[in-house]
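Here's the structure, in structure tokens; my notes come after.
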Amino acid sequence: MAQPERIAVLGAGSWGTTFAKVLADAGNDVCLWARRPQVAAEINETRRNDSYLPGITLPERLRATDDAAEAVHAAEFAVLAVPSQTLRENLAGWQPLLPQDVTLVSLAKGVELSTLKRMSQVIGEVADVPVERVAVVSGPNLAKEIAAGQPTATVVACSDEERAVVLQKACFTRYFRPYTNTDLVGIEISGACKNVIALACGIAAGLGFGHNTMSSLITRGLAETTRLGVALGADPMTFAGLAGLGDLVATCASPLSRNRTFGERLGRGETVAQAQEAAHGQVSEGVKSCSSIRQLAARHGVEMPITDVVHRVCHEGLEPGPAAAELLGRERKAE
Ligand SMILES: NC(=O)c1ccc[n+]([C@@H]2O[C@H](COP(=O)([O-])OP(=O)(O)OC[C@H]3O[C@@H](n4cnc5c(N)ncnc54)[C@H](O)[C@@H]3O)[C@@H](O)[C@H]2O)c1
Ligand SMILES: O=P(O)(O)OC[C@H](O)CO
């Protein structure tokens, strides 16, 4: 498989714009689709996308459009950078425009509410492509740090290893170091679940708890994520990697994380509606994925106590204080 000459990125939010910058910095010609024409115009005219990445200058090799057909024209890779719960609908609109042999790359970290499917499964179904043509990028990748050129690593996952290597090369820069992996299930379950655990860590911080609490939630969160992943056929080692523990630590610890920040607001006593309002339209995937992951776990007989209380805090009116007490009061057991 040859290196791509053209790459489309569909979605000009925080991560779509940042990943498009990474691809352009790596030497690719990138066309970024923005839902709003004024965002595309701002990028082309000022090299900025200030509503998502204030202060960041975007490279010349990156151009933007609000026309999806123009974005995907002759692209070898189409990177999907919209929120998980909107991916099906967006992709259905783009599907007739896609070049025949395009590789579809998911950046989204979530599990679909209505079907309990992972994003690569949704993509395969909607675009009618085999799983070998779907890749996933996931890791400790807070957009604002990467847009500022701070170093990080990530995972490029695809069941077709050769394709993963081509994408790895296409997004390799002096500040962005991608590793390959073929365990799509483990990578995607890690990415979706860490958002829910970050909500729990935020709630704990909002309640005034410190690093011991956070570490306990991270570690037990990793245990329940691994249980679910393994039940779905993932390699347990994946959860110790960048997309597993790596992303969990970054998201649970960073004030830049939208999920952690959302949780912190809940912990301080704000309602879900108030926390949503404060997010200014940016997605906190865990708020919806806590429900789909909980259902997926129930379907496979997997116990996920942290995910369960996060769901009940977000959607069933459980207060943060009693939620913490409930987790602490669970029956004693061996690690
Ligand atoms: N921001 C990060 O640091 C980061 C890093 C890694 C992965 N991700 C994941 O990438 C995905 C996209 O995240 P993001 O940070 O770019 O989100 P965002 O909220 O910053 O941007 C979402 C983009 O999707 C577009 N969009 C298209 N259809 C939409 C619809 N129906 N509803 C809402 N938005 C719609 C929006 O216009 C916007 O450009 C998420 O799954 C997120 O978990 C984000
Ligand atoms: O801001 P969040 O919480 O959506 O997290 C962003 C990334 O997924 C971190 O890797």
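Each ligand, and each atom within it, is numbered from 1 in the order the structure gives.
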(message) My understanding is that we take every heavy atom of each candidate and find the minimum distance to atom 7 (C) of ligand 2. Doing that for Lys194, Arg258, Glu145, which one comes out nearest?
(response) Lys194
(message) What I want to find out is whether Lys117 reaches Glu125 closely enough, with some N-O distance under 4.0 Å, to be called a salt bridge.
(response) yes
Run through all N or O atoms in ligand 1 and write down each protein N or O closer than 3.5 Å, as a pair with its distance.
{"unit_1": "ligand 1", "atom_1": "1 (N)", "unit_2": "Arg258", "atom_2": "NH2", "d": "3.2"}
{"unit_1": "ligand 1", "atom_1": "3 (O)", "unit_2": "Asn141", "atom_2": "O", "d": "3.3"}
{"unit_1": "ligand 1", "atom_1": "3 (O)", "unit_2": "Ala143", "atom_2": "N", "d": "2.8"}
{"unit_1": "ligand 1", "atom_1": "10 (O)", "unit_2": "Leu107", "atom_2": "O", "d": "3.4"}
{"unit_1": "ligand 1", "atom_1": "15 (O)", "unit_2": "Arg258", "atom_2": "NH1", "d": "3.0"}
{"unit_1": "ligand 1", "atom_1": "15 (O)", "unit_2": "Arg258", "atom_2": "NH2", "d": "2.9"}
{"unit_1": "ligand 1", "atom_1": "16 (O)", "unit_2": "Ser14", "atom_2": "N", "d": "3.4"}
{"unit_1": "ligand 1", "atom_1": "16 (O)", "unit_2": "Trp15", "atom_2": "N", "d": "2.9"}
{"unit_1": "ligand 1", "atom_1": "19 (O)", "unit_2": "Val283", "atom_2": "N", "d": "3.2"}
{"unit_1": "ligand 1", "atom_1": "20 (O)", "unit_2": "Ser14", "atom_2": "N", "d": "3.0"}
{"unit_1": "ligand 1", "atom_1": "20 (O)", "unit_2": "Ser14", "atom_2": "OG", "d": "3.2"}
{"unit_1": "ligand 1", "atom_1": "20 (O)", "unit_2": "Gln282", "atom_2": "OE1", "d": "3.4"}
{"unit_1": "ligand 1", "atom_1": "28 (N)", "unit_2": "Asn90", "atom_2": "ND2", "d": "3.1"}
{"unit_1": "ligand 1", "atom_1": "34 (N)", "unit_2": "Arg35", "atom_2": "NH2", "d": "3.4"}
{"unit_1": "ligand 1", "atom_1": "37 (O)", "unit_2": "Arg35", "atom_2": "NE", "d": "3.0"}
{"unit_1": "ligand 1", "atom_1": "37 (O)", "unit_2": "Arg35", "atom_2": "NH2", "d": "3.4"}
{"unit_1": "ligand 1", "atom_1": "39 (O)", "unit_2": "Ala12", "atom_2": "N", "d": "3.4"}
{"unit_1": "ligand 1", "atom_1": "39 (O)", "unit_2": "Gly13", "atom_2": "N", "d": "3.0"}
{"unit_1": "ligand 1", "atom_1": "41 (O)", "unit_2": "Lys109", "atom_2": "N", "d": "3.0"}
{"unit_1": "ligand 1", "atom_1": "41 (O)", "unit_2": "Glu285", "atom_2": "OE2", "d": "2.5"}

(message) Hydrogens and angles aside, do Arg48 and Thr46 bring a side-chain donor and acceptor to less than 3.5 Å of each other?
(response) no
(request) Give the contacting part of Lys109 toward ligand 2: side chain, backbone, both or neither, where contact means a heavy-atom distance below 4.0 Å. (result) side chain
(request) Identify the protein heavy atom lying closest to atom 9 (C) of ligand 2, giving its residue, its atom name and the separation to 0.1 Å. (result) Asp247 OD1, 3.4 Å
(request) Hey, could you give me the CZ/OG1 distance between Arg258 and Thr251, rounded to the nearest 0.5 Å? (result) 9.5 Å
(request) Have a look at ligand 2 and work out which part of Asn259, if any, has a heavy atom under 4.0 Å from it: side chain, backbone, both or neither. (result) both
(request) Any atoms of ligand 2 less than 4.0 Å from a non-hydrogen atom of Ser257? List them with their elements. (result) 1 (O), 2 (P), 3 (O)
(request) Measure the acute angle between the ring planes of Trp94 and Trp33, then classify it against the limits of 30° and 60° as parallel, tilted or perpendicular. (result) perpendicular
(message) Ignoring hydrogens, what is the shortest heavy-atom contact between Val131 and Leu184? Give both atom names and the distance.
(response) CG2-CD2, 3.8 Å
(message) With a 4.0 Å cut-off on N to O distance, would you call Asp308 and Arg294 a salt bridge?
(response) yes
(message) Checking contacts here: is it the side chain or the backbone of Arg260 that comes within 4.0 Å of ligand 2, counting heavy atoms only? Could be both or neither.
(response) neither
(message) Could you check whether any side-chain heavy atom of Asn90 comes within less than 4.5 Å of a side-chain heavy atom of Leu10, counting everything from C-beta outward?
(response) no
(request) Please determine, by modelled atom types, if Asp25 and Thr173 share a side-chain donor-acceptor pair under 3.5 angstrom. (result) no
(message) Does the residue Gly139 have a heavy-atom contact with ligand 2, meaning some pair of atoms that are separated by less than 4.0 Å?
(response) yes
(request) State whether Arg265 and Glu277 are salt-bridged, where the test is any N-O pair (Lys NZ or Arg NE/NH1/NH2 against Asp/Glu carboxylate O) under 4.0 Å. (result) no
